[in-house]
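To start, the structure itself, in structure tokens.
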Amino acid sequence: MKNLKGKKIAVIVGGPSTEAAVSRNSGKNVAAALRAKGYDPIITELVPEEWARTLKEGQFDIVFNALHGRYGEDGVLQGTCEMMNIPYTGPGVMASAVGMNKVVSKSAFVGAGISTAPFRYYFEEQGVDSIAEEILQVFSLPVVIKSAAQGSSIGTVIVRKKDDLKSALSEAFAYGKSIVAEAFLSGREFTVAVMDELAFPVIEIISKTGRYDYESKYTPGLSEHICPAQIPPELTKELQDLSLAVFRLFHCKGVARVDLMTDENGKAYVLEINTVPGMTETSLVPDASRAMGMPFEDLCERILEEASTGKF
């Protein structure tokens with residue numbers, strides 16, 4: 001165990017991402033947990049054009065990355081820390097960049113033989129009309145349209161009627177230049193956190209609204225987390241094994257969270273990986289950590305102790 005007491009720790013939050021508010025909430029919780037363990041973290045707001053100067057002038061020894069979405073989860077923060085030789089939490093540049101982009105990550109799943117929901121990806125310059133025409137030829141409705149580089153279900157729309165497809169594509173493209181069209185799975189929704197080659201207990205997510213969107217994720221009482229999930233042991237093992245395979249494929253460090261679903265026949269599919277998972281009051285990783293007997297404060301300390309440079 002590293003002795004990091006007395007080190008100057010920056011908990012990085014905010015930024016230009018659509019998930020900035022969630023990031024600030026995560027950072028607040030992480031900082032409180034670390035203070036309870038005897039550290040003195042400094043919550044630091046990321047301002048892109050001042051980021052490198054903030055690190056240098058702050059003379060920080062360690063960066064605890066609580067920055068969700070753009071810059072924090074796409075490899076930019078990681079690359080800056082690598083160049084400045086400042087240890088940081090979580091995975092490196094490659095894992096972050098690949099994990100953040102659904103076009104690349106889902107292609108990586110397929111290449112590695114990891115079960116994922118059938119999908120096609122499209123780019124804005126192809127035009128909404130031609131994309132919509134192809135999607136209707138390839139997929140049956142409902143179909144899921146996702147912005148390629150957003151988290152927290154931002155830019156994600158379940159299209160149930162043909163007439164709604166073009167507006168869903170326009171909404172997804174509002175968040176970036178590439179999108180994914182994904183087969184709709186009608187089974188159950190699960191998530192598995194992984195850290196140190198250890199898969200946490202499986203969580204089943206049940207939304208009270210019938211959809212696990214941004215509002216359901218971050219409004220207390222709108223979703224239920226059943227942990228450990230009440231499922232057969234063989235499904236538990238399958239979900240954990242899939243999550244470990246994704247964690248290893250992306251050379252992850254620290255803690256990551258893999259989201260999965262089953263279809264109507266109970267077959268499991270990986271949806272995506274979150275390399276900087278939420279640490280809010282309604283977040284999933286803290287729930288799984290507590291379920292396996294690891295208090296939130298201990299979880300945050302273990303993530304901190306794995307801060308390093310020289311990652312993939």
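All values below were derived from every heavy atom in this structure, side-chain atoms included, with hydrogens, water molecules and symmetry-related copies excluded.
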Exercise. Quick one: does NZ or CZ of K253 land under 6.0 Å from the six-membered ring centre of Y88, within 45 degrees of the ring axis?
Worked result: no
Exercise. Do you see a donor-acceptor pair shorter than 3.5 Å between the side chains of K146 and T156?
Worked result: no
For this session: Taking atom types as modelled, find out whether D259 and T191 have a side-chain donor-acceptor pair closer than 3.5 angstrom.
Result: yes
For this session: State yes or no: do I43 and V30 share one hydrophobic cluster built from I, L, V, M, F, W and Y residues joined by side-chain heavy-atom distances below 4.5 Å, directly or via other members?
Result: yes
Exercise. So which pairs with a foot in residues 111-121 pass salt bridge (charged side-chain N to carboxylate O under 4.0 Å, His left out), sequence neighbours left out?
Worked result: R120-E134
Problem set entry | Same cluster (ILVMFWY, side-chain, under 4.5 Å), V246 and V104 | yes
For this session: Please say whether more than 12 non-hydrogen atoms of neighbouring residues, nucleotides or ligands are located less than 6.0 Å from NZ in K5.
Result: yes
Exercise. Are F64 and Y39 close enough that their ring centers fall under 6.0 Å?
Worked result: no
Problem set entry | Chi angles and distances behind the side-chain hydrogen bond (donor to acceptor under 3.5 Å, both in side chains) call for T262, R188 | CA-CA 5 Å; T262 56; R188 299 160 74 179; 5.9 Å; no
Problem set entry | same_hphob_cluster(V98, I273) at 4.5 Å side-chain heavy-atom cutoff | yes
For this session: Would you indicate whether the side-chain heavy atoms of P16 and L46 approach each other to under 4.5 Å?
Result: yes
Problem set entry | Neighbour count >12 (heavy atoms, 6.0 Å) for atom NZ, K37 | yes
Exercise. Is it true that E124 and K177 make a salt bridge, defined as a side-chain N closer than 4.0 Å to a carboxylate O?
Worked result: yes
Exercise. If only atom types and distance count, is the side chain of N274 paired as donor or acceptor with the main-chain N or O of V276 below 3.5 Å?
Worked result: no
Exercise. Distance-only, no hydrogens or angles: does the N29 side chain make a donor-acceptor pair with backbone N or O of S26 under 3.5 Å?
Worked result: no
Exercise. Would one find more than 12 heavy atoms of other residues, nucleotides or ligands at under 6.0 Å from atom CD of E234?
Worked result: yes
Exercise. Between F109 and F250, what is the ring plane arrangement, given parallel below 30°, perpendicular above 60°, and tilted in between?
Worked result: parallel
Problem set entry | Non-hydrogen side-chain atoms of S178 and V103 separated by less than 4.5 Å | yes
For this session: With the side chain counted from C-beta on, respond yes when I9 and L304 share a heavy-atom pair under 4.5 Å apart, and no when they do not.
Result: yes
Exercise. With no hydrogens and no angle check, do the side chains of T280 and S283 hold a donor and an acceptor under 3.5 Å apart?
Worked result: yes
Exercise. Does the ring pair (Phe, Tyr, Trp, His ring centres under 6.0 Å) test come out yes or no for Y269 and F190, once each step is laid out?
Worked result: CA-CA 10 Å; Y269 296 89; F190 302 96; over 10 Å; no
For this session: Would you indicate whether the side-chain heavy atoms of F60 and T44 approach each other to under 4.5 Å?
Result: yes
For this session: Determine whether V159 and V144 make a side-chain contact, defined as any pair of heavy atoms from C-beta on separated by less than 4.5 Å.
Result: no
Exercise. Any cation-pi pair here, R257 with F247, using under 6.0 Å and within 45°?
Worked result: no
For this session: Identify whether the distance between the nearest side-chain nitrogen and carboxylate oxygen of K102 and E182 falls below 4.0 Å.
Result: no
For this session: For residues E73 and L67, determine if any side-chain heavy atom of one lies less than 4.5 Å from a side-chain heavy atom of the other.
Result: no
Exercise. Is the shortest side-chain N to carboxylate O distance from D241 to K237 below 4.0 Å?
Worked result: yes
